[in-house]
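Heads up, the thing below is written out as structure tokens.
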Amino acid sequence: MLASGGLRRFSSMEKSKSSRDSTTALYAVQCGKCFKWRLIPTKEEYDAIRESFIEDPWFCEKNPEVSCDDPADIEYDTSRLWVIDKPNIPKTPPNTERNLHLRKDFSKFDITYIMPNGKRVRSSTEVERFLEAHPGYKDQFSVSDFSFTSPKIMEEMVPKSSRGKDSVGRKRKNEDG
DNA sequence: GCCACCGGTGGC
DNA sequence: GCCACCGGTGGC
């Protein structure tokens with residue numbers, strides 16, 4: 001079970017349609033007590049919960065309209081692509097945009113930010129360089145406001161077609177011996 | 001020439 | 001073994 005894996009009680013899910021960019025994302029959080037999944041209506045709300053999840057874990061009772069006795073909003077199953085976020089990802093700085101790019105083989109996400117001037121960055125070091133080149137932004141955000149950690153893609157959700165011999169979900173090493 | 005995308009790898 | 005990071009490049 002997910003919950004027993006501990007720690008990451010977060011998930012966003014993307015319904016995997018045939019095309020990988022037509023994703024309708026749902027956001028859910030797992031209650032720390034009953035371990036049921038609760039949908040979070042907006043990305044903004046989800047980001048806010050995720051931002052301080054470790055210090056401030058989530059429980060059903062945080063939402064006055066639900067309790068642990070209510071059935072889960074959604075079940076962890078293979079009907080969707082489940083993606084488990086890392087906790088405590090800083091809120092995306094104003095005028096920037098955080099984008100996840102799922103690779104065709106479902107092996108991982110590449111994370112990029114679009115900076116206020118339209119420039120794309122793909123790592124913390126690139127953020128650092130950006131701030132050196134554009135010191136004017138230093139009062140708006142710092143490197144620590146960016147997170148490039150990729151959420152975990154639950155392997156059993158990866159379509160079989162992408163798990164075949166040559167494409168990879170989990171990489172198989174030499175199978176000699 | 002740019003950029004979306006992918007493969008490889010060093011450091012942990 | 002994982003994953004953050006970066007180099008390379010094919011297609012536009």
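Throughout, protein chains are lettered first and strands after them, A, B, ... in sequence-line order, and every chain is numbered starting at 1.
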For residues 119-127 of chain A, which residues have at least one heavy atom under 4.0 Å from DNA chain B?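 Here the set is R120(A), R122(A).
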Enumerate the residues from residues 141-149 of chain A whose closest heavy atom to DNA chain C is under 4.0 Å, giving them by residue number; use none for an empty result. F148(A), T149(A)
Whole-Å distance separating the [atom1] atom of [X] from the [atom2] atom of [N]:
| X | N | atom1 | atom2 | value |
| --- | --- | --- | --- | --- |
| Y113(A) | dC5(C) | OH | P | 11 Å |
| F109(A) | dC5(B) | CZ | C1' | 15 Å |
| E97(A) | dA4(B) | CD | P | 11 Å |
| K104(A) | dG11(C) | NZ | P | 11 Å |
| I114(A) | dC2(B) | CD1 | P | 16 Å |
| L102(A) | dA4(B) | CG | P | 16 Å |
| D110(A) | dA4(B) | CG | C1' | 10 Å |
| I84(A) | dC2(C) | CD1 | P | 16 Å |

Ignoring hydrogens and angles, tell me if any N or O in the side chain of K36(A) forms a donor-acceptor pair with the backbone of P71(A) under 3.5 Å. no
Determine yes or no for a side-chain-to-main-chain donor-acceptor pair under 3.5 angstrom, with D145(A) supplying the side chain and P93(A) the backbone. no
By ring pair (Phe, Tyr, Trp, His ring centres under 6.0 Å), which residues pair with Y137(A), not counting sequence neighbours? F130(A), F141(A)
Who pairs with E97(A) by side-chain contact (heavy atoms from CB on, under 4.5 Å), at least two apart in sequence or on another chain? N99(A), I114(A)
If you measure only the distance, is there a donor-acceptor pair under 3.5 Å linking the side chains of Y46(A) and D85(A)?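 On atom types as modelled, these side chains qualify, holding a pair under 3.5 Å.
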W82(A) ring center near Y76(A) ring center (under 6.0 Å): yes
Side-chain N or O of K108(A) versus OP1/OP2 of dC3(C): is the shortest distance under 4.0 Å?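 No, because none of the side-chain N or O atoms of K108(A) sits under 4.0 Å from OP1 or OP2 of dC3(C).
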Which distance, rounded to the nearest 0.5 Å, do you find between the CZ of R38(A) and the CD of Q30(A)?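 Separation between the atoms: 10.5 Å.
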Please identify each residue that fulfils salt bridge (Lys or Arg N to Asp or Glu O under 4.0 Å) with K91(A), with sequence neighbours left out. E51(A)
Of all pairs that satisfy salt bridge (Lys or Arg N to Asp or Glu O under 4.0 Å), the ones with a partner from residues 129-143 of chain A, not counting sequence neighbours: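 Of all non-adjacent pairs touching residues 129-143 of chain A, those that pass salt bridge (Lys or Arg N to Asp or Glu O under 4.0 Å) are E132(A)-K138(A).
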